[in-house]
Amino acid sequence: MSPSAGTAVPQHLLAPETLASLANLELVARAVVTGFLTGMHRSPFFGFSQEFAEYRAYAEGDDPRFVDWNVYARTERTYIKRYIGETNTRLVILLDASASMGFASGKVSKLLYGKFLAATLAYLAARQHDAVGLIVFDDQIREHRTASSRSGRLHGVLHAIDRVQPGTGTDLTIPFERFREIEKGRGLVAVISDFYCDPNALLKSVQPLAYQGQDVILFQLLDPQELMPQLKESALLEDMESGKSMEVSPIYMSSLYRERIAAHVDALNKAALGAGADHRLVTITEPLDSVLRSYLSFRHRRG
């Protein structure tokens, strides 16, 4: 059953654990996008329908015929409907499939959440008639589909995302190098990863894309237990990529570890800003529609 126009989908229906019960990624993506758009259709910033793609602020010289007077009546702000032909762009999704992305303290792993997010972004882009591309990586390129708006491209991208499994180590320089070599033209780049990397190395990898004119957003996916671990007794923890292990105490995990992970997230945020990119920390229990809202705000700002 599809939601009626103007009715927001309840948050629990877009929760990751609920989405995991759906049959395939296309259903997940459709559920998230439909739920989000029906809840946001009255927003002066994101007014989606079959007729137009989104709004932008009125500027001198715009044709007043395209002013949405209904929005003006509600907000006293003047917005122009941007039609699909005006918003065509290209989106390339970089999805981290390294071993660490396979971690899960609950029913949904970071990689499964990343697949949900990647599929949702691809589905929304295709709905907007944007070109969609995909690079899946760990310490090598595992899949690359160049950005295209050809018929059938969405299904190919969704199938490629669906078959991704956790791989080996992580090398974030690899997908950025491949992007610069193959992908041409300006557009949007969405990187989905846990970003267990050196922030300075990330800065050096992202900066060339900014110089190329790309708008980059980094979605950092972390499990709640990675941010706020709960240990009742000492435990032996093993790195999923290197295989190295160390014994940790509850005191360490509730104090020094939390300080270090917070410092790492903050350093990544600063590195992203330094590279002209956006950074969004995502806890993988978060409903997908709130992450999609962040993405559309990013698109609107980069406009």
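Remember, predicted model here, so these are calculated numbers, not experimental data.
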Inset, instruction - Kindly give the heavy-atom pair with the smallest separation between T89 and D130, and that separation in Å. - result: N-OD1, 3.0 Å
Legend entry - Which residues share a side chain to side chain contact (heavy atoms under 4.5 Å, CB included) with D171, sequence neighbours left out: D139, T173, I174
Inset, instruction - Determine, step by step, whether R280 and Y295 satisfy the side-chain contact (heavy atoms from CB on, under 4.5 Å) criterion, reporting the C-alpha distance in whole Å, the side-chain angles of both residues, the deciding distance to 0.1 Å, and the verdict. - result: CA-CA 9 Å; R280 169 66 152 84; Y295 170 73; over 6 Å; no
Legend entry - Flag side-chain contact, heavy atom, 4.5 Å: V108 against D223: no
Inset, instruction - Would you mind reporting whether H279 and V265 have side-chain heavy atoms less than 4.5 Å apart? - result: yes
Inset, instruction - Check whether any side-chain heavy atom of V164 sits under 4.5 Å from a side-chain heavy atom of E143, and report yes or no. - result: no
Legend entry - Where G187 and Q214 come nearest, the two heavy atoms and their spacing: N-OE1, 2.9 Å
Inset, instruction - Find out whether L121 and F116 are in side-chain contact, i.e. whether some heavy atom of one side chain is under 4.5 Å from a heavy atom of the other. - result: no
Legend entry - Close side-chain approach of R180 to P208, heavy-atom, < 4.5 Å: yes
Inset, instruction - Hey, could you give me the CD1/OG distance between I217 and S294, rounded to the nearest 0.5 Å? - result: 6.5 Å
Inset, instruction - Compare every heavy atom of S205 with every heavy atom of L172, then report the nearest pair and how far apart it is. - result: O-OG, 4.4 Å
Inset, instruction - Give, for atom CD of E17 and atom OH of Y113, the distance between the pair rounded to the nearest 0.5 Å. - result: 12.0 Å
Legend entry - Approximate separation, where rounding is to 0.5 Å, of L222 CG and F103 CZ: 10.5 Å
Legend entry - With sequence neighbours excluded, residues passing side-chain hydrogen bond (donor to acceptor under 3.5 Å, both in side chains) with K107: none
Inset, instruction - Determine, using the 4.5 Å side-chain heavy-atom cutoff (strictly less than), whether L273 and V206 are members of one ILVMFWY cluster. - result: no
Inset, instruction - Could you tell me the separation between the CG atom of N200 and the CG atom of L268, rounded to the nearest 0.5 Å? - result: 10.0 Å
Inset, instruction - Return the minimal non-hydrogen interatomic distance between F195 and F219, and the atom names on each side. - result: CE1-O, 3.5 Å
Inset, instruction - List in chain and number order the residues that pass side-chain hydrogen bond (donor to acceptor under 3.5 Å, both in side chains) with S193, two or more places apart in sequence or in another chain; answer none if no residue qualifies. - result: D96
Indicate every side-chain donor-acceptor pair of residues 152-160 with a distance under 3.5 Å to a residue at least two apart or in another chain.
{"from": "R153", "atom 1": "NH1", "to": "T146", "atom 2": "O", "distance (Å)": "2.4"}

Legend entry - Atom pair CZ (R178) and CG (L94), whose distance is rounded to the nearest 0.5 Å: 11.0 Å
Inset, instruction - Check whether any side-chain heavy atom of F176 sits under 4.5 Å from a side-chain heavy atom of L202, and report yes or no. - result: yes
Legend entry - L25 backbone acceptor or donor facing D162 side chain under 3.5 Å: no
Inset, instruction - Tell me, with the steps shown, if E226 and K110 meet salt bridge (Lys or Arg N to Asp or Glu O under 4.0 Å). - result: CA-CA 11 Å; E226 292 176 302; K110 289 184 287 185; 2.7 Å; yes
Inset, instruction - For the pair H264 and Y196, name the ring-plane relationship: parallel under 30°, tilted 30 to 60°, perpendicular over 60°. - result: parallel
Inset, instruction - Evaluate the side-chain proximity of L227 to T283: yes if any heavy-atom separation is below 4.5 Å, no if none is. - result: yes
Inset, instruction - With the side chain counted from C-beta on, respond yes when V132 and V92 share a heavy-atom pair under 4.5 Å apart, and no when they do not. - result: no
Inset, instruction - Return yes if some donor-acceptor pair links the side-chain N/O of S109 with the main-chain N/O of L112 below 3.5 Å, else return no. - result: yes
Legend entry - Hphob cluster co-occupancy, I182 + I135, side-chain heavy atoms under 4.5 angstrom: no
Inset, instruction - Write out all pairs satisfying salt bridge (charged side-chain N to carboxylate O under 4.0 Å, His left out) with one or both partners inside residues 23-37, taking only residues at least two apart or from two chains. - result: E26-R30
Legend entry - Taking every non-hydrogen atom, the tightest pair across G185 and R90: O-NH1, 2.8 Å
Inset, instruction - Kindly work out whether a path of hydrophobic side-chain contacts (I/L/V/M/F/W/Y, heavy atoms less than 4.5 Å apart) joins L288 to L27. - result: yes
Legend entry - Donor on one side chain, acceptor on other, Y123 and Q128, under 3.5 Å: no
Legend entry - Nearest-0.5 Å distance, CG of residue D138 to CD of residue Q165: 12.0 Å
Legend entry - Donor-acceptor contact below 3.5 Å, side chain S21 vs main chain T18: yes
Inset, instruction - Test I93 against every option in L134, V136, L117, V191 by the side-chain contact (heavy atoms from CB on, under 4.5 Å) rule and name the one that passes. - result: L134
Inset, instruction - Assess whether atom CZ of R186 is packed by more than 12 heavy atoms of other residues, nucleotides or ligands within 6.0 Å. - result: no
Legend entry - Qualifying residues under side chain to side chain contact (heavy atoms under 4.5 Å, CB included), relative to Q207, sequence neighbours excluded: L203, Y211, A275
Inset, instruction - Compare every heavy atom of K115 with every heavy atom of L95, then report the nearest pair and how far apart it is. - result: CD2-CG, 4.2 Å
